[in-house]
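For reference, the structure is listed below as structure tokens.
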There are 2 protein chains.
Amino acid sequence: MARAGITADRLVAAAAELADEVGFEQVSLSALARRFGVKDASLHSHVRGLWDLRHRLALLAGGEMIDRIGVAVAGRSGRDALAAYADAYRAYALAHPGRYAATQIRVDPALVDADAPAMRRTVEITYGMLRGYGLAEPDLTDAVRLLRATFHGYCALEASGGFNAPRDVRASWDRAIDALHIALENWPREETDHHV
Amino acid sequence: MARAGITADRLVAAAAELADEVGFEQVSLSALARRFGVKDASLHSHVRGLWDLRHRLALLAGGEMIDRIGVAVAGRSGRDALAAYADAYRAYALAHPGRYAATQIRVDPALVDADAPAMRRTVEITYGMLRGYGLAEPDLTDAVRLLRATFHGYCALEASGGFNAPRDVRASWDRAIDALHIALENWPREETDHHV
DNA sequence: GACCGAAACCTAGAGCCCCTAGGATTCTGG
DNA sequence: CCAGAATCCTAGGGGCTCTAGGTTTCGGTC
């Protein structure tokens, strides 16, 4: 009987395609095995289980995503860099919804260290993008968290059909970037002490 | 044999508790049936299936959440209203992670109309909270989207352990609210036409 | 108080999923 | 060419959702 020639990498690649087609949650070892013309039990020799597969998929997608963002941001600074970062982020999330969802899973820190480069590049590129605004810690961390939250929230809501109003989402997105740029330029100084 | 006295409402209430304990994705009809000392097939007479249960849970949680936000926002305006809204939002998401996750599922618009009050109150309260900033459409919609995205993104990332830096999340959150307030007060006017 | 219809709950069973254990086949390197 | 390792298989346990159809219990009515 001819062999299917399955590799962990080919498995993850197929999982990525499947995730973009039917959604991250719907990716199953059974469906994957079916796609390879193989019994589902056979996959357990390449991958430790569904969790392992999802974890690998998260690393793949995270790497792909930060690569594109890195390219988009390269050579830009200030508002241009922010807009390029944001647009690349959203473009990836919309083009690869399943992969993007994979990047959001909670990931074991111990395993991350093993394949850390993508993670490290992500923080490097993100903090680098903010360089022009002249922020120092802890404001830098606060700003990064604000940006991550806004970008992720926007893409998550858009992907799940949360924006019903008849207003073009792309236009709203551009205004959100403008608003964030303004917030970064006028970053709140410590003196203002509201919120009990 | 004594009866368990199951109602659709009691079922949803139990599902809410279970969701907060083990996570929204882990809520199963089987587990629920076990909790009521009943066979899982019996639940299908009260609820149309897992999807129906999740849908009802989403409506319950959405109602609870907007109630608390409404109370927090009442009698406040401007920055105070924004901070109260944001804090009530995050407090609910952190106190009831499973319920909060339920509010994020894609929900059939046809069914929403049937139980629309919570949904309508949500937009009323949200738009009302922004009244002080003097925005008009489409900027209002853009601002609402920005706020929703940031709030949701923040809570989602925090809940999934996405904030690793040794910086107090609550402090970052306060700065994010400050930043949003600044962005709303200096809302970008149409003339600025960046982003290709 | 007995009855009757409507709930509430049950068993049985199909279908899908994940995963383990151990057997058979195919590749591959010495 | 021939081990040994890698690949794929069958067998089977356990969990989940959901349908179909049977019993039992409850509440109201005569």
Side-chain angles (χ1 to χ4, degrees), chain A residues 1-60 98-99 101-102 104-108 111, chain B residues 1-60 98-99 101-102 104-108 111:
Chain A
M1 186 177 298
R3 273 188 199 185
I6 300 178
T7 316
D9 288 340
R10 286 191 58 195
L11 215 49
V12 175
E17 288 178 19
L18 188 58
D20 287 338
E21 291 168 16
V22 303
F24 176 68
E25 298 293 337
Q26 273 63 49
V27 171
S28 72
L29 290 175
S30 317
L32 233 41
R34 228 171 289 133
R35 185 166 282 210
F36 278 101
V38 147
K39 297 298 175 187
D40 62 281
S42 307
L43 300 187
H44 287 265
S45 15
H46 301 98
V47 150
R48 215 161 311 184
L50 184 60
W51 254 101
D52 184 27
L53 178 74
R54 288 186 165 166
H55 187 260
R56 289 166 189 258
L57 181 51
L59 289 180
L60 168 75
R99 289 162 151 98
Q104 296 300 328
I105 65 174
R106 183 193 216 88
V107 87
D108 189 355
L111 291 174
Chain B
M1 186 178 295
R3 267 182 205 190
I6 300 178
T7 316
D9 288 341
R10 287 192 57 195
L11 215 47
V12 176
E17 287 178 19
L18 188 58
D20 286 339
E21 290 169 16
V22 303
F24 176 69
E25 299 293 337
Q26 273 63 49
V27 171
S28 72
L29 289 175
S30 317
L32 233 41
R34 229 171 286 133
R35 185 166 284 210
F36 277 101
V38 147
K39 296 299 174 187
D40 62 279
S42 308
L43 300 187
H44 288 265
S45 20
H46 301 98
V47 151
R48 215 161 309 182
L50 183 60
W51 255 102
D52 185 27
L53 178 75
R54 288 185 166 165
H55 187 260
R56 289 166 188 260
L57 181 50
L59 290 180
L60 168 75
R99 288 163 152 97
Q104 297 299 327
I105 66 173
R106 182 193 217 91
V107 87
D108 188 355
L111 291 175

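In what follows, chains carry the letters A, B, and so on, assigned in the order in which the sequence lines appear, proteins first and then strands, with residues in each chain numbered from 1.
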*Spacing between B:Arg35 atom CZ and D:dC16 atom C1', to the nearest angstrom*: 17 Å

*Taking the side chain of A:Arg34 as its heavy atoms from C-beta onward, which of C:dC16, D:dC16, C:dC9 lies nearest to it?*
C:dC16

*Could you state the atom-to-atom distance from CD1 of B:Ile6 to P of D:dT25 in whole Å?*
16 Å

*Whole Å only: how far is the CG atom of B:Leu43 from the P atom of C:dA7?*
18 Å

*In whole angstrom, give the distance that lies between atom CZ of B:Phe36 and atom P of C:dA8.*
13 Å

*Can you find a heavy atom in the side chain of A:Phe36 that is under 4.5 Å from one in the side chain of A:Arg10?*
yes

*How close or far is atom C1' of C:dC18 from atom CG of A:Asp52, stated in whole angstroms?*
14 Å

_I'd like to know if B:Glu21 pairs up with B:Arg35 as an ion pair, taking the criterion as any Lys NZ or Arg NE/NH1/NH2 lying under 4.0 Å from an Asp or Glu carboxylate oxygen._
yes

*How close do B:Gly98 and B:Phe24 get, heavy atom to heavy atom, and via which atoms?*
O-CB, 3.7 Å

_Measuring only between side-chain heavy atoms, which start at C-beta, is A:Leu32 closer than 4.5 Å to A:Leu53?_
yes

*For A:Glu25 and C:dC18, what is the distance between atoms CD and C1' respectively, to the nearest whole Å?*
15 Å

Could you go through nucleotides 17-23 of chain D and list every protein N or O atom that sits under 3.5 Å from one of its N or O atoms, giving the distance for each pair?
{"from": "D:dT17", "atom 1": "OP1", "to": "B:Leu29", "atom 2": "N", "distance (Å)": "2.9"}
{"from": "D:dT17", "atom 1": "OP2", "to": "B:Leu29", "atom 2": "N", "distance (Å)": "3.2"}
{"from": "D:dT17", "atom 1": "OP2", "to": "B:Ser30", "atom 2": "N", "distance (Å)": "2.9"}
{"from": "D:dT17", "atom 1": "OP2", "to": "B:Ser30", "atom 2": "OG", "distance (Å)": "2.6"}
{"from": "D:dC18", "atom 1": "OP2", "to": "B:Leu50", "atom 2": "N", "distance (Å)": "2.6"}
{"from": "D:dC18", "atom 1": "N4", "to": "B:Asp40", "atom 2": "OD2", "distance (Å)": "3.3"}

*For B:Ile6, does its backbone N or O pair with a side-chain atom of B:His46 as donor and acceptor, under 3.5 Å?*
yes

*asked:* I want to check something: taking the side chain as every heavy atom from C-beta on, are A:Arg54 and A:Val27 in contact at a cut-off of under 4.5 Å?
replied: no

*Write down the distance between NE2 (A:His46) and P (C:dC19), rounded to a whole number of angstrom.*
16 Å

_Side-chain N or O of A:Ser42 closer than 4.0 Å to phosphate OP1/OP2 of D:dC9_ = yes

_Rounded to whole Å, please give me the gap between CG in A:Leu53 and C1' in C:dC17._
14 Å

